[in-house]
Amino acid sequence: MTILEGTVRENYIVTDIRMEENITRRLEALGINSGTHLKLMNRKKNGTVIIKVRGTRWAVGRDIAVGIEVTPGEMEENIHGSH
């Protein structure tokens, strides 16, 4: 599924990014690539999604959100537990 189809306030892991190479490179520069943990914070009526990646919130337009494939997952800090 894509992040656009995700549930708000749920955690996801990016499995694939399917879009133009220049946009893929830009997302990678922002730290969004395969294996990245993110949280869907909000979804706007125009299709824009607000995601949280490594403590930073990003607004991603619908045209890009439909190219970010995800699977449900936990946030990184929850995986390692507290020591």
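No experiment lies behind these values; they were computed from the predicted model shown.
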Residues that E20 engages under side chain to side chain contact (heavy atoms under 4.5 Å, CB included), provided they are two or more places apart: N22, I23
Enter the distance from L27:CG to M19:CE here, rounded to the nearest 0.5 Å. 5.5 Å
List the residues meeting side-chain hydrogen bond (donor to acceptor under 3.5 Å, both in side chains) with R25, not counting sequence neighbours, and say none if there are none. E21
For T2 and E69, indicate whether the former's side chain and the latter's backbone hold a donor-acceptor pair under 3.5 Å. no
What residues, two or more places apart in sequence or in another chain, satisfy side chain to side chain contact (heavy atoms under 4.5 Å, CB included) together with T56? W58
Say you draw a straight line from CG of N42 to CZ of R57; how long is it, rounded to the nearest 0.5 Å? 8.5 Å
With sequence neighbours left out, what residues match R62 under side chain to side chain contact (heavy atoms under 4.5 Å, CB included)? L4, V66
side-chain hydrogen bond (donor to acceptor under 3.5 Å, both in side chains) partners for T48, two or more places apart: N46
Residues that N33 engages under side chain to side chain contact (heavy atoms under 4.5 Å, CB included), provided they are two or more places apart: E28, T36
Considering only residues two or more places apart or on different chains, which pairs with a residue in residues 4-13 satisfy salt bridge (charged side-chain N to carboxylate O under 4.0 Å, His left out)? none
Cluster link I17 to L40, ILVMFWY, side chain under 4.5 Å: yes
Test side chain to side chain contact (heavy atoms under 4.5 Å, CB included) applied to V60 and I51, step by step: CA-CA 7 Å; V60 179; I51 58 174; 3.8 Å; yes
Rounded to the nearest 0.5 angstrom, the CD1-CD1 distance for I50 and I3 is 11.5 Å
side-chain hydrogen bond (donor to acceptor under 3.5 Å, both in side chains) with D16: which residues, sequence neighbours excluded? R18
Looking at H37 and E74, what are the two nearest heavy atoms and their distance? ND1-O, 2.7 Å
Output for pair (N11 CG, L38 CG), nearest 0.5 Å, gives 8.5 Å
Does V70 belong to the same Ile/Leu/Val/Met/Phe/Trp/Tyr cluster as L30, with side-chain heavy atoms less than 4.5 Å apart forming each link? yes
